Structure formats: C-alpha cells, structure tokens
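These values consider heavy atoms only, across backbone and side chains, with no hydrogens, waters or symmetry-generated copies. Computed from a predicted model, the values in this text were never measured in an experiment. Reminder, nothing fancy here: chain letters follow the sequence lines and each chain counts from 1.
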Number of protein chains: 2
Amino acid sequence: MGELKLQMNMDEYLPLRDVVFNTLRQGILTGELKPGERLMEIHLADRLGVSRTPIREAIRMLELEGLVTMIPRRGAEVARISRQDIRDVLEVRLVLDSLATKLACERITEDQKEELRSAAAGFESATGSGDVTLIAQADVRFHDVILAASHNRRLIQMVNNLAERIYRYRLEYIKDSANYQRLIEEHSKIMDCVINGDEGSACIAAEIHIVNQEKVMLNM
Amino acid sequence: MGELKLQMNMDEYLPLRDVVFNTLRQGILTGELKPGERLMEIHLADRLGVSRTPIREAIRMLELEGLVTMIPRRGAEVARISRQDIRDVLEVRLVLDSLATKLACERITEDQKEELRSAAAGFESATGSGDVTLIAQADVRFHDVILAASHNRRLIQMVNNLAERIYRYRLEYIKDSANYQRLIEEHSKIMDCVINGDEGSACIAAEIHIVNQEKVMLNM
DNA sequence: ACTTTGTTTTTTGTATACACTTGAAAAAAA
DNA sequence: TTTTTTTCAAGTGTATACAAAAAACAAAGT
C-alpha cells in the first residue's frame, strides 16, 4: 500500500469535517486515492490527525457527491467509474452545457464578457506552457465563467458536480497536446457567440465541444 | 412548538442513519417540518430515540441533497425555497425531462411500453378518485417510467433530485382539479410519442408539460 | 487435500462525554 | 429607563468508548 501524501490545509477556519471533505475530495480527484481503494476510518483519522467523527461525516458527504461508494457494514471505497457512467454523465452534460450557454447569451453581464475574454486568452497561453495542471485550471475557469453567466445556481451546482465525477478522465484529455488547437478554436467560437448573444450558434458550438470530448474520452 | 408526528419505520434492516435520513426527508417533503424550522440534534435524537451520531450523519446527507441548510455553529434548518429557486429548478428540469423523453424514445423496451400505458391509465383513473395523494403517486409513477426508459442512471438520479426539491409545490399544482384534464391529455400525448419513437414531438410534448407546470407554480 | 467450524482481528455502527461558542437573560451601572 | 456587563444555558464540534458484525485465519474432522 502506497503512502498517501494527504495533507490537510489547516489555514482556513472551517469545521474539521469540511477540511477532511476537501482533503479527501482532492485526493480522489487527483488520483492519489484510486477507484476501488477502501477508505478506512481509523487509518484516515490517524493519517489526518483527527478523530473518526469528522472522517465519517466527510465520507457521508462524499457519498452523496458520488465520489465514494458505501457498502453496508463494510465501509466506503473510492467510486469506480465505468464506461457506462462516463457515457451517462456526458449525455447529461451535453444538454446542461448547452442550456448554460444559451442562458449565458441572454444574461451575461459586461463584466462577465470581459472575464470571458480573459479566460479564453488565459487558456490559449496556458496551452503554450505545457503545464497540464495550469491548462486544466484555465479550462475550468473558462467554463466557470460561462456557467456563472447563466445566473442559475442549481444549474451551476449540477454541472460542477457532473464535471467533478469525470475530472480524472478529462485530465487525460487535457494532457494530449493534439487537442489544444481544436480546444482553443472551440472556446473562441463559443465565446464569440455568447458575447454576441447568438443563442442558436452558441448552443451548437457548446454541443460540439462536448461531443468532441466524448469521442476522445470514450476511447481511453 | 407543535408536536411532530415523526415516526421511524424500523421494519427495514438499515443503518440508523439511513432510517433517520428517510424519516427526516419524508417529514420535509410532506411539510411536517417547515422551511426555516431548526433541526436540533438533541431534540431529534430524543424524539426518534437514537443518539446524536446518526442524526448528524443524516443531516449531512440532507444538506448535500439540498433539503436542509447548514449554518456554522448554529446547526441545520429546513431549506427555504425562494421563487428564484423554483425558477432555476424548472429551467433545468425542462431540458432534463426533454432529454429523458428523447432517450426514452430510443431505448424504451416493450415491457416499459406496457408499463407506460398502465401508468397513464392509472393516472387518469386516479384523477377520478379525487384523492390527492393517490393522484400525486400516479403522476410520479408515470414520470418514473419514462425516466427509467431513458436508461441513464445519472439522469434518473438528477431529475429525481430536482423533483424532490419542488415536491411540495408540485403537490399544490396537483391539488387543483382544474388541471386534471390538461394533465391527462399531456401525458397521453407524451406516451404516444414515446411509444412510437417520435423523438421530436416527444420532446416538444415534454417541454410543454413542464412549461405549463411552471406557469401555474410561479403564481403561487 | 478439502471442507467445515470455531476463534481472533479488523472495522463499522452507535452512544456518550467533554470542550467551546454563541445567544439570551439577568444583574449592575449610568 | 436604558445601557452595559456578567453569567448561564443551550447547542454544536470533536473525541472516544463499547458493541456488533464481517472477514480472515487456523484447526480439526472427513
């Protein structure tokens, strides 16, 4: 069993359960905790230097988030993701991203338009750096701006949740530099449509963006 | 403070946290626990005859489900639902129900077609009974069949979660017998399209169904 | 060698104790 | 009477103890 490098960020003044939640979440998203790996309360408690109580509560939260699976009287394990799961997620994401883009066309503020331009430029320059983490962050930021511009909290929450579940696979996608040029163009197209309020084209561009992603991710 | 009639169903052999979760969930959905009402751990523990631990875990789960709101160092309260929340939820539901209906057209099995006919008939006869609970159940069943026919687990889970959040308001909608005839016709239309695999018309019918609901619900 | 049974260990499920915050009430001062 | 301070009660946050279940392992019988 490999030693986990889980390290809690105690800076923030949050309930321990939230700190643990964020820590475990991060561990799962980065792949430090692998699918199928058991999450044993005592071990985690020892490693993170807290008692079992906050660990348990954090695990309950991760369960609802879909990142861990509970087996009664056996404990929790990091959720395994099947090909079918990815298909299901992307199928839903297609329409939700499309909706977000459409709503963004109607509701985006001037500030957000500026933010969007900045995010698109940031992504393009990030691809130049070759730093995968940086690129992933820039990509997330671009999508976050559009989501925020939809001004629909429920939608934002749901899309973020979906994105989280397939984050690891999306990372693989981001790693492949063969996709960069296309991604940049797709972002650019989406941005133009949203800024000009061209709903129809914006939706189509957003859908193409997801479909391309789907094609690559399902071949991994 | 009114006496709650919360009663746990101990028949099932489940972890207490799940029993508590279901109990509180039911209480919130039926309106027995009202929006804004504080959920105090000790009181609930006493009332339900368990310790604080399962109560806390159940509350963490309800929080992620969106049914309760946590205020740090103050505890939990039943989530308040704003007009904007309802708008947001219905905006998302529109596209998700539309997607579910489209997928159902492609993937529905023969057994499910039969089930769908039965559910539609059941709803029509339920409206005759005048029993609101019965009608609501029949309505849920109809939608569940279509959801199941989408064969997309993530979608099923998400739509159910959305539906849950506005259940109380939907109930009000169901109460008004002025809507029955229209509901029956809408169901019938959706059913026909799904069974015949007519995706385009099915989506439109599903969307009309939600839009009508939205109109009424936002006027309450 | 193989199955079955008994025992031990590990791990979860639940209860409870204690510390710390916060809000409110009561008491004292202006 | 009003304001401020103090005290106290109520409630959450966290740790820990104990019980019960499941899994792993060993031993005995076939």
Side-chain angles (χ1 to χ4, degrees), chain A residues 1 3-4 6-25 27-28 33-34 36-65 67-79, chain B residues 1-4 6-25 27-28 33-34 36-64 67-79:
Chain A
M1 193 204 302
E3 278 300 309
L4 301 184
L6 290 178
Q7 184 66 38
M8 292 206 297
N9 179 8
M10 299 295 271
D11 294 349
E12 312 191 41
Y13 185 55
L14 278 174
L16 279 184
R17 61 159 173 277
D18 291 324
V19 180
V20 173
F21 175 77
N22 288 327
T23 306
L24 293 181
R25 184 168 166 279
I28 294 175
L33 296 166
K34 296 187 178 49
E37 190 168 330
R38 284 184 71 180
L39 294 176
M40 282 174 303
E41 298 171 0
I42 302 178
H43 292 178
L44 290 173
D46 286 352
R47 204 182 299 283
L48 299 179
V50 300
S51 80
R52 279 176 58 206
T53 310
I55 301 277
R56 285 178 69 80
E57 298 189 349
I59 288 180
R60 293 292 95 73
M61 292 163 79
L62 289 166
E63 182 193 5
L64 269 282
E65 196 90 325
L67 290 177
V68 313
T69 314
M70 295 286 309
I71 305 168
R73 296 238 156 248
R74 180 104 204 297
E77 61 173 48
V78 179
Chain B
M1 192 203 302
E3 280 300 310
L4 301 184
L6 291 179
Q7 186 64 39
M8 294 207 294
N9 178 7
M10 300 295 271
D11 292 349
E12 312 192 42
Y13 186 55
L14 277 173
L16 279 183
R17 63 161 170 276
D18 291 324
V19 180
V20 173
F21 174 77
N22 288 327
T23 305
L24 292 181
R25 184 170 166 278
I28 295 175
L33 296 166
K34 297 191 178 45
E37 189 167 333
R38 283 185 73 181
L39 294 177
M40 282 175 301
E41 299 172 1
I42 303 177
H43 293 179
L44 290 173
D46 285 351
R47 205 180 300 283
L48 299 180
V50 300
S51 81
R52 278 177 60 208
T53 310
I55 301 278
R56 285 178 68 81
E57 299 190 349
I59 288 180
R60 295 288 99 73
M61 293 163 79
L62 289 166
E63 181 193 7
L64 268 282
L67 291 177
V68 313
T69 314
M70 295 286 309
I71 306 167
R73 297 230 156 256
R74 182 102 205 297
E77 62 174 48
V78 179

Novice: I'd like to check V20(A) versus E57(A) (side-chain heavy atoms, cut-off strictly below 4.5 Å). Are they in contact?
Specialist: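 Not in contact.
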
Novice: Over how many whole Å does the gap from M70(A) atom CE to dT11(C) atom P extend?
Specialist: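 To the nearest whole Å, that distance equals 15 Å.
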
Novice: Checking side chain to side chain contact (heavy atoms under 4.5 Å, CB included) for the pair L64(B)/E63(A): CA distance, chi angles, key distance, verdict?
Specialist: CA-CA 9 Å; L64(B) 268 282; E63(A) 182 193 5; over 6 Å; no

Novice: Round to the nearest Å and state the distance from L16(B) atom CG to dA21(D) atom C1'.
Specialist: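 In whole Å, dA21(D) C1' and L16(B) CG are 14 Å from each other.
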
Novice: Rounded to whole angstrom units, what separation is found between the CD1 atom of I55(A) and the C1' atom of dA15(D)?
Specialist: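 Roughly 12 Å, once rounded to whole Å.
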
Novice: Nearest-Å distance, CD (E41(B)) to C1' (dT22(C))?
Specialist: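 Rounded to the whole Å, the gap is 15 Å.
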
Novice: Which of the following nucleotides, dT12(D), dT14(C), dT14(D), is nearest to the side chain of S51(A)?
Specialist: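 Within the option list, the nearest is dT14(D).
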
Novice: Using whole Å, what does the distance between atom P of nucleotide dT9(C) and atom CZ of R74(A) come to?
Specialist: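 From R74(A) CZ to dT9(C) P: 20 Å.
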
Novice: Given that T53(B) and R38(B) both sit by DNA chain D, which one's nearest nucleotide is further toward the 5' end?
Specialist: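 This one resolves to R38(B).
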
Novice: Rounding to a whole Å, what distance do you find between E77(A):CD and dT11(C):C1'?
Specialist: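 From E77(A) CD to dT11(C) C1': 15 Å.
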
Novice: Which value, rounded to the nearest 0.5 Å, describes the distance between M70(B) atom CE and L39(B) atom CG?
Specialist: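 CG of L39(B) is found 9.5 Å from CE of M70(B).
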
Novice: Please report the distance, rounded to the nearest Å, between CG in L48(A) and P in dT14(D).
Specialist: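 My rounded result for the distance is 13 Å.
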
Novice: Between the base of dG13(C) and the side chain of R52(A), is there a donor and acceptor pair under 3.5 angstrom?
Specialist: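 Per atom types, the contact qualifies.
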
Novice: Taking only side-chain nitrogens and oxygens of R56(A), does any of them come within less than 4.0 Å of OP1 or OP2 of dG13(C)?
Specialist: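 Answer is yes, contact under 4.0 Å.
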
Novice: Which part of the nucleic acid does I59(B) contact within heavy-atom distance under 4.0 Å: base, sugar-phosphate only, or nothing?
Specialist: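 The residue I59(B) makes no contact with any strand.
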
Novice: Given atom CE of M40(A) and atom P of dT9(C), what is their separation to the nearest angstrom?
Specialist: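 Going from M40(A) (CE) to dT9(C) (P), I get 17 Å.
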
Novice: Using only side-chain N and O atoms of H43(B), determine if any of them is under 4.0 Å from OP1 or OP2 of dG11(D).
Specialist: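 Yes, because at least one side-chain N or O of H43(B) sits under 4.0 Å from OP1 or OP2 of dG11(D).
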
Novice: Hey, does R25(B) have a side-chain heavy atom less than 4.5 Å from the side chain of L62(B)?
Specialist: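 The answer is yes, as the side chains (C-beta and beyond) meet within the 4.5 Å cut-off.
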
Novice: Measuring from atom CG of L44(B) to atom CZ of R38(B), what distance do you get when rounded to the nearest 0.5 angstrom?
Specialist: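 One gets 11.5 Å once the value is rounded to the nearest 0.5 Å.
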
Novice: Can you identify which nucleotide, out of dT21(C), dG13(C), dA15(C), has its nearest atom closest to the R60(A) side chain?
Specialist: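 Nearest to the side-chain atoms of R60(A), counting from C-beta on, is dG13(C).
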
